[in-house]
Amino acid sequence: MSDRISDPARGSGVEIPYKLDWIFPRLRNPNMFWYVTSQIVITVVGIFSKFVLTFWNKTHVHNRDRLIRVVSKRPKGTPLVTVSNHYSCFDDPGLWGTLPIRLVCNTFSIRWSMAAHDICFTNRWHSMFFMFGKCIPVVRGNGVYQEAINLCIEKAALGHWIHVFPEGKVNMEKEELRLKWGVGRIIYESPKIPIILPMWHEGMDDVLPNVEPYVFNRKKRVTLNVGEPLDLTKFVLDLKKHNVPEPEARKLITDKIQEAFRELRAETEKLHRERF
(Lines give C-alpha, C1' and ligand atoms only; values in the text may rest on other atoms or scores of the structure.)
Protein backbone atom coordinates (compact mmCIF):
# COMPACT_ATOMS: atom_id res chain seq x y z
CA MET A 1 0.00 0.00 0.00
CA SER A 2 1.46 3.37 -0.97
CA ASP A 3 2.38 6.02 1.61
CA ARG A 4 1.31 8.74 -0.82
CA ILE A 5 -1.79 10.51 0.41
CA SER A 6 -3.58 13.82 0.03
CA ASP A 7 -4.86 15.92 2.88
CA PRO A 8 -8.52 14.94 3.26
CA ALA A 9 -9.33 17.88 5.53
CA ARG A 10 -8.84 20.37 2.74
CA GLY A 11 -9.38 18.20 -0.28
CA SER A 12 -6.66 20.33 -1.85
CA GLY A 13 -4.97 17.49 -3.66
CA VAL A 14 -1.58 18.44 -2.18
CA GLU A 15 0.52 15.31 -2.43
CA ILE A 16 2.21 14.12 0.76
CA PRO A 17 5.03 11.70 -0.19
CA TYR A 18 5.26 10.18 3.29
CA LYS A 19 2.75 9.91 6.12
CA LEU A 20 3.30 12.56 8.78
CA ASP A 21 0.74 11.58 11.39
CA TRP A 22 3.25 9.78 13.65
CA ILE A 23 5.58 12.81 13.78
CA PHE A 24 3.35 15.44 15.36
CA PRO A 25 2.60 13.57 18.62
CA ARG A 26 6.35 13.12 19.18
CA LEU A 27 7.02 16.80 18.55
CA ARG A 28 4.07 17.83 20.67
CA ASN A 29 4.96 15.66 23.68
CA PRO A 30 8.66 14.74 23.47
CA ASN A 31 9.88 12.06 25.90
CA MET A 32 13.33 11.51 27.42
CA PHE A 33 14.50 9.46 24.43
CA TRP A 34 13.46 12.28 22.12
CA TYR A 35 15.42 14.87 24.14
CA VAL A 36 18.57 12.73 24.29
CA THR A 37 18.50 11.94 20.57
CA SER A 38 17.61 15.52 19.71
CA GLN A 39 20.58 16.76 21.72
CA ILE A 40 22.90 14.51 19.70
CA VAL A 41 21.46 15.65 16.36
CA ILE A 42 21.43 19.33 17.34
CA THR A 43 25.04 19.15 18.54
CA VAL A 44 26.32 17.48 15.36
CA VAL A 45 24.40 19.87 13.10
CA GLY A 46 25.37 22.90 15.19
CA ILE A 47 29.09 22.10 15.06
CA PHE A 48 28.90 21.46 11.31
CA SER A 49 27.06 24.76 10.74
CA LYS A 50 29.60 26.67 12.79
CA PHE A 51 32.47 25.03 10.90
CA VAL A 52 31.00 25.91 7.49
CA LEU A 53 30.05 29.49 8.38
CA THR A 54 33.02 30.55 10.52
CA PHE A 55 35.96 28.42 9.35
CA TRP A 56 35.31 27.56 5.70
CA ASN A 57 33.76 30.92 4.91
CA LYS A 58 33.91 34.52 6.09
CA THR A 59 30.72 35.49 7.89
CA HIS A 60 30.04 38.87 9.42
CA VAL A 61 27.06 39.35 11.72
CA HIS A 62 25.74 42.84 12.37
CA ASN A 63 24.05 43.21 15.77
CA ARG A 64 24.92 39.64 16.80
CA ASP A 65 24.49 40.56 20.47
CA ARG A 66 20.86 41.42 19.72
CA LEU A 67 20.16 37.88 18.51
CA ILE A 68 22.05 36.27 21.39
CA ARG A 69 20.20 38.41 23.91
CA VAL A 70 16.69 37.50 22.75
CA VAL A 71 17.59 33.82 22.40
CA SER A 72 19.20 33.44 25.82
CA LYS A 73 18.03 36.30 28.04
CA ARG A 74 14.42 37.08 27.15
CA PRO A 75 11.94 36.89 30.06
CA LYS A 76 10.95 33.35 30.99
CA GLY A 77 7.82 32.22 29.17
CA THR A 78 8.15 34.88 26.45
CA PRO A 79 8.09 33.36 22.94
CA LEU A 80 10.48 34.46 20.23
CA VAL A 81 9.64 34.50 16.52
CA THR A 82 12.57 35.19 14.22
CA VAL A 83 11.90 35.81 10.53
CA SER A 84 14.33 35.97 7.64
CA ASN A 85 14.65 35.73 3.89
CA HIS A 86 15.28 32.30 2.37
CA TYR A 87 17.99 32.17 -0.30
CA SER A 88 19.55 28.74 0.25
CA CYS A 89 18.62 25.30 1.55
CA PHE A 90 21.41 25.80 4.11
CA ASP A 91 19.91 28.98 5.61
CA ASP A 92 18.61 26.81 8.43
CA PRO A 93 20.61 25.38 10.14
CA GLY A 94 23.55 27.28 8.65
CA LEU A 95 22.75 30.74 9.99
CA TRP A 96 22.66 29.47 13.57
CA GLY A 97 26.34 28.58 13.23
CA THR A 98 26.93 32.24 14.09
CA LEU A 99 25.60 31.64 17.61
CA PRO A 100 27.82 30.57 20.53
CA ILE A 101 28.29 26.82 20.99
CA ARG A 102 26.27 26.90 24.22
CA LEU A 103 23.20 27.97 22.20
CA VAL A 104 23.61 26.37 18.79
CA CYS A 105 24.37 22.95 20.33
CA ASN A 106 21.60 23.02 22.93
CA THR A 107 18.27 21.41 22.05
CA PHE A 108 16.57 23.40 24.83
CA SER A 109 17.60 26.79 23.43
CA ILE A 110 17.77 26.31 19.66
CA ARG A 111 14.79 27.19 17.45
CA TRP A 112 11.85 25.22 16.15
CA SER A 113 11.60 25.57 12.40
CA MET A 114 9.15 24.52 9.73
CA ALA A 115 10.55 22.37 6.93
CA ALA A 116 8.98 21.38 3.62
CA HIS A 117 7.25 18.01 3.82
CA ASP A 118 8.17 17.06 0.25
CA ILE A 119 11.89 17.72 0.74
CA CYS A 120 12.75 16.86 4.35
CA PHE A 121 10.07 14.32 5.28
CA THR A 122 10.07 11.91 2.34
CA ASN A 123 10.92 8.68 4.22
CA ARG A 124 11.25 7.42 7.78
CA TRP A 125 15.00 8.05 8.17
CA HIS A 126 14.88 11.58 6.82
CA SER A 127 11.80 12.28 8.91
CA MET A 128 13.48 11.07 12.10
CA PHE A 129 16.58 13.17 11.45
CA PHE A 130 14.63 16.37 10.87
CA MET A 131 12.19 15.63 13.68
CA PHE A 132 15.06 15.27 16.16
CA GLY A 133 16.52 18.45 14.66
CA LYS A 134 13.39 20.31 15.85
CA CYS A 135 11.91 20.70 12.39
CA ILE A 136 8.14 20.70 11.93
CA PRO A 137 6.77 19.33 8.63
CA VAL A 138 4.80 21.98 6.78
CA VAL A 139 2.67 21.09 3.76
CA ARG A 140 3.08 23.92 1.29
CA GLY A 141 -0.24 24.72 -0.31
CA ASN A 142 -2.35 23.60 2.65
CA GLY A 143 -2.85 27.10 4.02
CA VAL A 144 -2.56 28.57 7.50
CA TYR A 145 -4.89 26.10 9.21
CA GLN A 146 -2.64 23.06 9.25
CA GLU A 147 -0.84 21.07 11.93
CA ALA A 148 2.52 22.78 11.40
CA ILE A 149 1.10 26.21 12.21
CA ASN A 150 -0.95 24.81 15.09
CA LEU A 151 2.18 23.28 16.59
CA CYS A 152 4.15 26.51 16.21
CA ILE A 153 1.42 28.31 18.16
CA GLU A 154 1.61 25.64 20.87
CA LYS A 155 5.39 26.04 21.09
CA ALA A 156 4.97 29.82 21.30
CA ALA A 157 2.56 29.26 24.21
CA LEU A 158 5.40 27.46 25.99
CA GLY A 159 7.74 30.40 25.47
CA HIS A 160 9.89 28.70 22.83
CA TRP A 161 11.78 30.14 19.87
CA ILE A 162 10.25 29.60 16.43
CA HIS A 163 12.00 30.56 13.21
CA VAL A 164 9.91 31.25 10.13
CA PHE A 165 10.80 31.82 6.47
CA PRO A 166 7.69 33.82 5.54
CA GLU A 167 8.56 33.78 1.83
CA GLY A 168 7.42 30.15 1.99
CA LYS A 169 10.15 28.74 -0.25
CA VAL A 170 13.77 29.16 -1.28
CA ASN A 171 13.64 32.43 -3.19
CA MET A 172 16.20 31.62 -5.89
CA GLU A 173 15.30 34.66 -8.03
CA LYS A 174 15.54 36.97 -4.98
CA GLU A 175 12.27 38.66 -5.84
CA GLU A 176 10.25 40.67 -3.35
CA LEU A 177 7.66 37.99 -2.70
CA ARG A 178 4.36 38.51 -0.94
CA LEU A 179 4.90 36.97 2.47
CA LYS A 180 2.76 34.05 3.58
CA TRP A 181 0.24 34.72 6.32
CA GLY A 182 1.18 31.73 8.50
CA VAL A 183 3.58 33.90 10.47
CA GLY A 184 0.74 36.37 11.06
CA ARG A 185 -1.41 33.60 12.50
CA ILE A 186 1.39 32.41 14.82
CA ILE A 187 1.83 35.92 16.20
CA TYR A 188 -1.88 36.71 16.39
CA GLU A 189 -2.91 33.48 18.13
CA SER A 190 0.02 33.13 20.49
CA PRO A 191 -1.34 33.42 24.06
CA LYS A 192 1.55 35.78 24.81
CA ILE A 193 2.62 38.12 22.02
CA PRO A 194 6.11 37.07 20.92
CA ILE A 195 9.26 39.07 20.53
CA ILE A 196 9.53 39.41 16.74
CA LEU A 197 13.06 39.66 15.40
CA PRO A 198 13.57 40.27 11.65
CA MET A 199 16.85 39.30 10.01
CA TRP A 200 18.26 39.50 6.50
CA HIS A 201 21.25 37.73 5.04
CA GLU A 202 23.28 37.79 1.83
CA GLY A 203 25.72 35.21 0.48
CA MET A 204 24.26 31.95 1.79
CA ASP A 205 23.49 30.83 -1.76
CA ASP A 206 27.20 31.24 -2.55
CA VAL A 207 28.06 28.88 0.31
CA LEU A 208 25.55 26.29 -0.89
CA PRO A 209 24.32 27.09 -4.40
CA ASN A 210 20.81 26.15 -5.48
CA VAL A 211 22.10 24.19 -8.48
CA GLU A 212 23.59 20.75 -8.87
CA PRO A 213 25.80 19.21 -7.63
CA TYR A 214 24.77 21.02 -4.39
CA VAL A 215 28.29 21.10 -2.96
CA PHE A 216 29.42 23.46 -0.19
CA ASN A 217 31.85 26.17 -1.29
CA ARG A 218 34.70 27.73 0.66
CA LYS A 219 36.07 31.25 1.10
CA LYS A 220 32.72 32.93 0.36
CA ARG A 221 31.40 36.01 2.14
CA VAL A 222 28.18 35.90 4.16
CA THR A 223 26.51 38.90 5.78
CA LEU A 224 23.81 38.48 8.41
CA ASN A 225 22.05 41.59 9.63
CA VAL A 226 19.88 41.31 12.74
CA GLY A 227 17.23 44.01 12.79
CA GLU A 228 15.51 45.78 15.62
CA PRO A 229 12.80 43.73 17.38
CA LEU A 230 9.31 44.62 16.18
CA ASP A 231 7.06 45.63 19.05
CA LEU A 232 3.61 44.73 17.76
CA THR A 233 2.00 44.28 21.17
CA LYS A 234 -0.25 47.34 21.01
CA PHE A 235 -1.00 46.73 17.34
CA VAL A 236 -2.11 43.13 17.92
CA LEU A 237 -4.13 44.02 21.02
CA ASP A 238 -5.93 46.75 19.07
CA LEU A 239 -6.79 44.26 16.32
CA LYS A 240 -8.33 41.96 18.90
CA LYS A 241 -10.06 44.79 20.75
CA HIS A 242 -11.77 45.99 17.57
CA ASN A 243 -12.70 42.43 16.53
CA VAL A 244 -10.88 42.68 13.23
CA PRO A 245 -11.62 39.49 11.25
CA GLU A 246 -8.81 36.97 11.64
CA PRO A 247 -7.82 36.79 7.94
CA GLU A 248 -7.45 40.58 7.83
CA ALA A 249 -5.56 40.62 11.14
CA ARG A 250 -3.10 38.01 9.87
CA LYS A 251 -2.55 40.05 6.71
CA LEU A 252 -1.97 43.30 8.62
CA ILE A 253 0.55 41.65 10.95
CA THR A 254 2.36 40.07 8.01
CA ASP A 255 2.42 43.46 6.26
CA LYS A 256 4.38 44.87 9.21
CA ILE A 257 7.01 42.18 8.72
CA GLN A 258 7.08 42.86 4.98
CA GLU A 259 7.81 46.53 5.66
CA ALA A 260 10.63 45.61 8.06
CA PHE A 261 12.06 43.21 5.47
CA ARG A 262 12.08 45.91 2.79
CA GLU A 263 14.18 48.27 4.92
CA LEU A 264 16.45 45.55 6.27
CA ARG A 265 17.12 44.15 2.80
CA ALA A 266 18.32 47.49 1.43
CA GLU A 267 20.57 47.99 4.46
CA THR A 268 22.01 44.47 4.30
CA GLU A 269 22.68 44.53 0.57
CA LYS A 270 24.65 47.75 1.07
CA LEU A 271 26.62 46.24 3.97
CA HIS A 272 27.36 43.15 1.91
CA ARG A 273 28.56 45.16 -1.14
CA GLU A 274 30.93 47.15 1.06
CA ARG A 275 32.77 43.95 1.97
CA PHE A 276 33.94 43.43 -1.62
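Note that these values count all heavy atoms, side chains included, but never hydrogens, waters or copies made by symmetry. Residues take their numbers from the sequence shown, with the count starting at 1.
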Between Leu177 and Gln258, does a side-chain contact (heavy atoms from CB on, under 4.5 Å) hold up when you go through it step by step? CA-CA 9 Å; Leu177 299 175; Gln258 186 112 41; 6.0 Å; no
If you count the non-hydrogen atoms of other residues, nucleotides and ligands that lie under 6.0 Å from CH2 in Trp125, is the total more than 12? no
Would you tell me whether Thr268 and Asn225 have side-chain atoms, one donor and one acceptor, within less than 3.5 Å of each other? yes
Check whether the side chains of Thr82 and Trp161 place a donor and an acceptor atom closer than 3.5 Å, and report yes or no. yes
For Val104 and Ile110 the tightest heavy-atom approach is CA-CD1, 4.0 Å
To check you understand the geometry: which heavy-atom pair defines the closest contact between Val226 and Asn63, and what is its length? O-ND2, 3.0 Å
For residues Phe24 and Ala148, report the shortest heavy-atom separation together with the two atoms involved. CE2-N, 3.8 Å
Show which residues join Val170 in its hydrophobic cluster (side-chain heavy-atom contacts under 4.5 Å, direct or indirect), or state none. Met172
Is it the case that the side chain of Arg185 and the backbone of Val144 share a donor-acceptor pair, with hydrogens and angles ignored and the cut-off at 3.5 Å? yes
Would you say that more than 12 heavy atoms from the other residues, nucleotides or ligands in this model lie under 6.0 Å from the CD of Glu263, or not? no
4.5 Å side-chain heavy-atom contact, Lys251 and Arg178: yes
Would you say NZ of Lys50 has more than 12 non-hydrogen atoms from neighbouring residues, nucleotides or ligands within 6.0 angstrom? yes
How far apart are the C-alpha atoms of Val164 and Met114, what are their side-chain angles, what is the distance that settles it, and do they pass the side-chain contact (heavy atoms from CB on, under 4.5 Å) test? CA-CA 7 Å; Val164 181; Met114 288 182 282; 4.1 Å; yes
All heavy atoms of Arg66 vs all of Pro229, minimum pair found to be CD-CD, 4.0 Å
Checking the side chain of Trp56 only, and the main-chain atoms of Leu53 only, is there a donor and an acceptor separated by less than 3.5 Å? no
Listed once per pair and sorted, the ring pair (Phe, Tyr, Trp, His ring centres under 6.0 Å) pairs that draw on residues 241-267, sequence neighbours left out: Trp200-Phe261
Should Ser113 and Lys134 count as side-chain neighbours, where that means a heavy-atom distance under 4.5 Å? no
Find out if a path of hydrophobic residues (ILVMFWY) with successive side-chain heavy-atom gaps under 4.5 Å connects Phe132 to Trp22. yes
Close side-chain approach of Ile187 and Val183, heavy atoms under 4.5 Å: yes
Between Glu167 and Glu175 the two heavy atoms that sit nearest each other are OE2-O, 4.2 Å
Ion pair check, Arg265 and Glu176, cut-off under 4.0 Å: no
Under a 4.5 Å cut-off applied to non-hydrogen side-chain atoms, are Phe165 and Val138 in contact? no
How many angstroms lie between CG in Leu95 and CZ in Phe90, if you round to the nearest 0.5 Å? 8.5 Å
Kindly say whether Gln39 contributes a backbone atom to a donor-acceptor pair with the side chain of Thr43 at under 3.5 angstrom? yes
Parallel under 30°, tilted from 30 to 60°, perpendicular over 60°: which one fits the rings of Trp112 and His160? parallel
Using 0.5 Å steps for rounding, measure from the CD1 atom of Ile195 to the CG atom of Asp231. 9.5 Å
Should we count NZ of Lys270 as having more than 12 external heavy atoms under 6.0 Å? no
Hey, is the main chain of Gly182 close enough, under 3.5 Å, to the side chain of Arg250 for a donor-acceptor pair? no
Atom NZ of residue position Lys240 - does it have more than 12 heavy atoms of other residues, nucleotides or ligands inside 6.0 Å? yes
Are side-chain heavy atoms of Val83 and Leu197 found at a separation under 4.5 Å? no
Arg221/Asp206 salt bridge by N-O under 4.0 Å criterion: no
Is there a side-chain contact (heavy atoms from CB on, under 4.5 Å) between His201 and Tyr87? Walk through the geometry before answering. CA-CA 8 Å; His201 57 84; Tyr87 281 176; 4.1 Å; yes
Carefully, step by step, assess Phe48 and Phe216 under the rule ring-ring contact (aromatic ring centres under 6.0 Å, His included). CA-CA 12 Å; Phe48 177 74; Phe216 286 97; 5.5 Å; yes
Under the 3.5 angstrom rule, does the side chain of Arg74 hit a backbone N or O of Thr78 as a donor-acceptor pair? yes
Distance in Å, Thr54 OG1 paired with Leu99 CG, rounded so as to fall on 0.5 Å steps: 11.5 Å
Give me the one residue out of His60, Glu269, Arg275, Glu202 that meets side-chain hydrogen bond (donor to acceptor under 3.5 Å, both in side chains) with Thr223. Arg275
Asn29 side chain to Arg26 backbone, donor-acceptor under 3.5 Å: no
Judged by atom type as modelled, is there a donor-acceptor pair below 3.5 Å linking the side chain of Ser49 to the main-chain atoms of Trp96? no
Audit row: Ile162, Arg111, side-chain contact (heavy atoms from CB on, under 4.5 Å) steps and yes/no: CA-CA 5 Å; Ile162 301 109; Arg111 89 295 172 262; over 6 Å; no
Taking side chain as C-beta onward, heavy atoms only, is Phe130 less than 4.5 Å from His117? no
Taking the side chain as every heavy atom from C-beta outward, state whether Leu20 and Val139 have any pair of such atoms under 4.5 Å apart. yes
With a 4.5 Å cut-off on side-chain heavy atoms, are Leu224 and Met204 touching? no
Sub-3.5 Å donor-acceptor pair from the side chain of Asn171 to the main-chain atoms of His86, do we have one? no
Any carboxylate oxygen within less than 4.0 angstrom of a Lys/Arg side-chain nitrogen, looking at Arg28 and Glu147? yes
Measuring from Leu264:CG to Glu228:CD, what's the distance to the nearest 0.5 Å? 10.0 Å
Of the non-hydrogen atoms in Pro137 and Leu27, which two are nearest, and what is the gap between them? CD-CD1, 4.0 Å
